[in-house]
Amino acid sequence: MPKSYSSPRGIKDILAPSSRDRRNLISAFEKEAALAGYKEIVLPVFEEFGVFARVGESTEIVQKQMYDFYDKDERHMVLRPESTAGVMRAYIQHRPTTPWKVWYEGAHFRYEKPQAGRFRQFHQLGVEVLGTSDLAADVEVIALGWRFLDAAGTNPKLLVNSLGDVKSRSEYTKDLEKYFKGHIKGLSEQSQQTLKLNPLRVLDSKDQQDFPIIEQAPMLSDFLSQEETEHFDGVCQGLSDLGIAFTADPRLVRGLDYYTRTAFEYESQNLESSQSAVGGGGRYDGLSEDLGGPACAGVGFAIGTDRTMLAMQESPSAVSDLDVFIADVAGGRAAMLIAEELRSAGISTDRAFENRSLKAQMKLADRSGAQLALIIGEDELAADSVSLIELRRKDSQPEKSRQDLIPRNQLLDEIQKRLQKTGKNENKA
Ligand code: HAM
């Protein structure tokens, strides 16, 4: 017996109706982004390792989670773990006029321990604004993500912080390191390891043992320059002006190293707290130079599509897209011709195969969620007609007596009329 296969660990197939809900979510995001002047960018799914090596040298994403490989020319490549560095690489390569406002969607890859809401292939929706350090761009970006998550029904909570710039952060990091070293015995083993790599990341520990020590740790806000403080205050003011509720969280750090100044996260109050981050982002004014480009400020976010779907309280309706289902017990040729004609007229149509019994085909019609069923038997063929049933009509009459015989040359008109009546196909007449 040949081996049978499952999808790789931590990676799931997305079948209907989830695939449809996901597609709807992407469309809603595209609309929201387009309303604010963002254009789509489609990036490579893998890039040279160096593009992502700088996004978090001290973070797990770079240390442990990269799906990297050598191609046949011995080039070191990586499946993208995120897209901000990819967008910046594209900016440096193409030099579009700024501000450059882009949105993206797609699969990303991190070799993580799979669990609920954490996958090895996951999907992100994101925006980036490159070429401006105006705090109004931070506000626009944060508001866009918030509006989208709110409209999707994820019950979002917004946390914001300022991470300062390289100078203020390095002074803070030194102070923090000194503080944590003074409390090293009380820290969890994981945090003791993290401390060696990046003291800032200890603030992000999820281990309860660390909480009292983190609580008393020095604050980054005490190290910010006046300009940085003004930037952060301006962002907070902008969010208040737009009526967006937020929590200023001085302990918020992000899992990537490139952030400067504004950092934020969207949590869903519908999810367990360990996986409640449905999105996050911030400003990354030094990333372009890290990647060998010119000075170029940037701000953006990414939202996890999979987690957003888990967080949507009301799962979007599982309503079928299908208009018509054809049951043909007279050989199948009529089904083939009618399906083609209806599809050309923009009417979504499915049919049964394999010439099964009428009962079996009507069962499929019912399951398909179609509005209308067409039946073609020998009698219909002889009369150059088709029987039509409104499957979703709520009345107690048996199906047989609700069947109307429609002459073949009036079929398209009749179907369009019936679909309009159900309100489903207003645009298809
Ligand atoms: P991130 O916080 O690493 O940021 O990822 C953003 C979101 O992607 C997370 O909040 C989460 O919803 C989702 N996500 C991340 N990893 C997984 C996973 N293993 N399984 C399921 N969902 C996951 C970034 O990626 C930055 N590039 C965001 C950004 C854009 N910053 C500036 N611009």
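Below, all heavy atoms of this structure are taken into account, side chains as well, without hydrogens, waters or symmetry copies. Predicted model, so just to flag it, every value in this text is computed and none were measured. Order of listing sets the numbers, starting from 1, for every ligand and every atom in it.
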Atom pairs, nitrogen or oxygen, ligand 1 to protein, under 3.5 angstrom:
residue	atom	partner	partner atom	Å
ligand 1	2 (O)	Arg254	NH1	3.1
ligand 1	2 (O)	Arg254	NH2	2.9
ligand 1	3 (O)	Arg110	NH1	3.0
ligand 1	3 (O)	Arg110	NH2	2.9
ligand 1	4 (O)	Arg254	NH2	3.0
ligand 1	5 (O)	Gln124	NE2	3.2
ligand 1	8 (O)	Gln124	NE2	3.2
ligand 1	10 (O)	Ala277	O	3.4
ligand 1	10 (O)	Gly279	N	3.2
ligand 1	12 (O)	Ala277	O	3.0
ligand 1	12 (O)	Val278	O	3.1
ligand 1	12 (O)	Gly304	N	3.4
ligand 1	16 (N)	Arg110	NH1	3.4
ligand 1	19 (N)	Glu112	OE2	2.5
ligand 1	19 (N)	Phe119	O	2.8
ligand 1	20 (N)	Phe119	N	3.0
ligand 1	25 (O)	Arg110	NH2	3.1
ligand 1	25 (O)	Gln124	NE2	3.1
ligand 1	27 (N)	Glu82	OE1	2.6
ligand 1	27 (N)	Thr84	OG1	2.8
ligand 1	27 (N)	Tyr258	OH	3.1
ligand 1	31 (N)	Tyr259	OH	2.6
ligand 1	33 (N)	Thr84	OG1	3.2
ligand 1	33 (N)	Glu128	OE1	2.8
ligand 1	33 (N)	Glu128	OE2	3.0
ligand 1	33 (N)	Gly300	O	3.4
ligand 1	33 (N)	Phe301	N	3.4

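Geometrically, Arg169 does not engage Phe223 in a cation-pi contact defined by less than 6.0 Å to the ring centre and at most 45° from the axis.
Ion pairing between a basic and an acidic side chain is recognised when a charged N comes within 4.0 Å of a carboxylate O; Asp306 and Lys12 show such pairing. The pair Arg261-Glu227 meets the salt-bridge criterion, since a charged nitrogen lies less than 4.0 angstrom from a carboxylate oxygen.
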List the atom pairs, with distances to 0.1 Å, where a side-chain N or O of residues 234-241 and a protein N or O form a donor-acceptor pair under 3.5 Å, not counting sequence neighbours.
residue	atom	partner	partner atom	Å
Gln237	NE2	Asp241	OD1	3.0
Ser240	OG	Cys236	O	3.1

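Classification of the Tyr111-Tyr67 ring pair by plane angle, with boundaries at 30° and 60°, yields perpendicular.
Looking only at side-chain heavy atoms (C-beta outward), Val78 and Phe109 stay at 4.5 Å or farther from each other.
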